[in-house]
Amino acid sequence: IITYGTLINGLCKEGRLHEAKDVLKEMLNRSIVPNIKVYNTLIDGHCRFGNMQEAFSLLGEMQGDGILPDIISYNALINGLRKVGNILEAEELWNRLVDEGLCPDVVTYNLMIDGYASSGDTLKALQLYEEIEKKGLEPTLITYHALMDGLCREGEMQKVEQLFDAMLKKNLLPEAITYNILIHGYSKSGDLQKAFQLFEQMGQNKILPDEKTYNGLLKGLCTEGKMQKANDIFVQMLDRGVNPNANTYNTLIDGYCRVGNLMEAFKLHRGMVEEGFTPDVLAYSELINGFCKEGKTQEAELLLNEMHEKQLLPP
RNA sequence: GAAUUCUUCUAGA
């Protein structure tokens, strides 16, 4: 049964949901009784690809087999609803699981906190955070990540700082992702000094920056039009063996367009192709926008045509 | 005891 579970998990993670369900049918045919983990895996698989209807029908099937959903089943479903932005139904599920005598665990809290925080309701997110300890649970790194990321988006940087301190006081060690959230947040809020300070702190803690870390720094520099510094950082990134991704190029292209340096923007567009990236609609839009702003509409049209040839749809 | 759930990056408008 573990073999079946592993197989179903693998198929679900790859989005091969039909095949995963076929495996479930095969199990039933062979009179192997699927347990709750198998069902939870399937429920989660459908949730993460947005197929909530099927996820709920699997929940029903499971109950039909006499298996009661556990907190993990509910967490998977709440996660699915949160992903499609349906916080209201997520709240209903929360009430339902409590009615059934289950207790929300820290994952349930993290899910709802992220749901509220990333939809801009930082107040509710913070309220839930306060509730965690009252229920005798301990916030995790992920709790802080979800909260800080939401607060960063809203520009509530003083609260971010407080939470980061609170997190350290609990002896939760920051990881690369922690710094990525913070660096990106400060970078976007225009506090490049703080962003670079954290970048240094990250190095002191022997945490290696990844492409997202650099993208965060580049985003701030590009927004401010500090393209010489942005280029230095880009070079440092390459020197340290961190591979840029499509976002890295998009960020830089946009930065060069903003300052009217279309030559560099165009070179990067080319570089992107040479590195094996397919510029997406976004990469084209930025350039086309840049050319338009400079009044170079014929170049913009050429790019638009090229984009169409590649069968990319205009935004 | 590791078969199942949570967190981070890109344009314009």
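Only a predicted model underlies this, so the values are computations on that prediction, with no experimental measurement involved.
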Cut-off 3.5 Å, no hydrogens considered: what does the side-chain donor-acceptor table look like for residues 227-234 of chain A, sequence neighbours left out?
none

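Closest contact between the side chain of A:Lys212 and the listed nucleotides B:rU7, B:rA3, B:rU8 involves B:rU8. Side-chain proximity of A:Lys37 to B:rC9, B:rA3, B:rU5: nearest is B:rA3.
One atom, OH of A:Tyr129, and another, C1' of B:rU7, lie 15 Å apart when rounded to the nearest Å. As a whole-Å value, the separation of A:Asp105 CG from B:rC6 C1' is 9 Å. B:rU5 atom P lies 15 Å from atom NE2 of A:His46, rounded to whole Å. The nearest whole Å value for the distance from the NE2 atom in A:His145 to the C1' atom in B:rC9 is 15 Å. Rounding to whole angstrom units, CD1 of residue A:Ile72 and C1' of B:rU4 are separated by 6 Å. When the C1' atom of B:rA11 is taken as reference, atom CG of A:Asn215 falls 14 Å away, rounded to whole Å. Atom CG of A:Leu81 is separated from atom C1' of B:rU5 by 13 Å (rounded to the nearest Å). The CD1-C1' distance, from A:Ile67 to B:rU4, rounds to 13 Å in whole Å.
Within 4.0 Å of A:Val106, counting heavy atoms only, lies no atom of the nucleic acid at all. A:Leu111 comes within contact range of the sugar-phosphate backbone alone, with a heavy-atom separation under 4.0 Å but no base atom that close. Contacts of A:Asn35 with the nucleic acid, taken as non-hydrogen atoms under 4.0 Å apart, include base atoms. Among the heavy atoms of the strands lying under 4.0 Å from A:Asn245 is at least one base atom, whether or not backbone atoms are also near.
At a non-hydrogen distance threshold of 4.0 Å, nothing from residues 267-279 of chain A comes into contact with RNA chain B. Residues from residues 181-202 of chain A placing a heavy atom under 4.0 Å of any atom in RNA chain B, listed by number, are A:Ile181, A:His184, A:Lys188. Taken residue by residue, residues 83-104 of chain A places no heavy atom nearer than 4.0 Å to RNA chain B. Using a 4.0 Å cutoff on non-hydrogen atoms, the parts of residues 4-26 of chain A near RNA chain B are A:Gly5, A:Thr6, A:Asn9, A:Lys13, ordered by number. Taking a 4.0 Å limit (strictly below) on heavy-atom distances, residues 247-265 of chain A reaches RNA chain B at A:Asn247, A:Asn250, A:Thr251, A:Asp254, A:Arg258.
For a distance-only test at 3.5 Å, the side chain of A:Lys219 fails to qualify as a donor-acceptor partner of the base of B:rU10.
Within the 4.5 Å cutoff, no side-chain heavy atoms of A:Val23 are placed close to those of A:Val38. Between A:Thr108 and A:Cys103, every side-chain heavy-atom pair lies at or beyond the 4.5 Å cut-off. When side chains are defined from C-beta on, A:Asn75 does not count as touching A:Asn79, because their heavy atoms never get closer than 4.5 Å. The closest side-chain heavy-atom distance from A:Pro244 to A:Glu275 is not below 4.5 Å. Side chains of A:Met52 and A:Leu81 form a contact here, defined as non-hydrogen atoms less than 4.5 Å apart.
Judged by distance alone, with hydrogens and angles left aside, the side-chain atoms of A:Asn245 form a donor-acceptor pair with the main-chain N or O of A:Asn247 at under 3.5 Å. Without hydrogens or angle criteria, A:Ser187 side chain to A:Lys219 main chain gives no donor-acceptor distance under 3.5 Å.
At B:rU7, none of the side-chain N or O atoms of A:Arg153 fall inside 4.0 Å of OP1 or OP2 (strictly under the cut-off). Close to B:rU5, at under 4.0 Å from its OP1 or OP2, lies no side-chain N or O of A:Arg82.
For the salt bridge (charged side-chain N to carboxylate O under 4.0 Å, His left out) condition, the pairs that include at least one residue of residues 190-210 of chain A, sequence neighbours left out, are A:Glu161-A:Lys194. Listed by first and then second residue, the ring pair (Phe, Tyr, Trp, His ring centres under 6.0 Å) pairs involving residues 101-134 of chain A are A:Trp94-A:Tyr109, A:Tyr129-A:Tyr144 (not counting sequence neighbours).
Residues passing the salt bridge (Lys or Arg N to Asp or Glu O under 4.0 Å) test with A:Glu154, sequence neighbours excluded: none. A:Tyr4 is linked by a ring-ring contact (aromatic ring centres under 6.0 Å, His included) to nothing, counting only residues two or more places apart in sequence or in another chain. Annotation: side-chain contact (heavy atoms from CB on, under 4.5 Å) contacts of A:Leu141 (sequence neighbours excluded): A:His145, A:Met167, A:Leu172, A:Glu175, A:Thr178. Under the side chain to side chain donor-acceptor pair (under 3.5 Å) criterion, A:Tyr39 pairs with A:Asp65, not counting sequence neighbours.
Centroid-to-centroid, the aromatic rings of A:Phe199 and A:Tyr214 come within less than 6.0 Å.
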Stepwise, does the side-chain hydrogen bond (donor to acceptor under 3.5 Å, both in side chains) test hold for A:Asn261 with A:Glu264? CA-CA 6 Å; A:Asn261 190 344; A:Glu264 279 303 322; 5.2 Å; no

Kindly indicate, with the supporting measurements, whether the criterion side-chain contact (heavy atoms from CB on, under 4.5 Å) is fulfilled by A:Val160 and A:Glu156. CA-CA 7 Å; A:Val160 172; A:Glu156 303 182 54; 5.5 Å; no

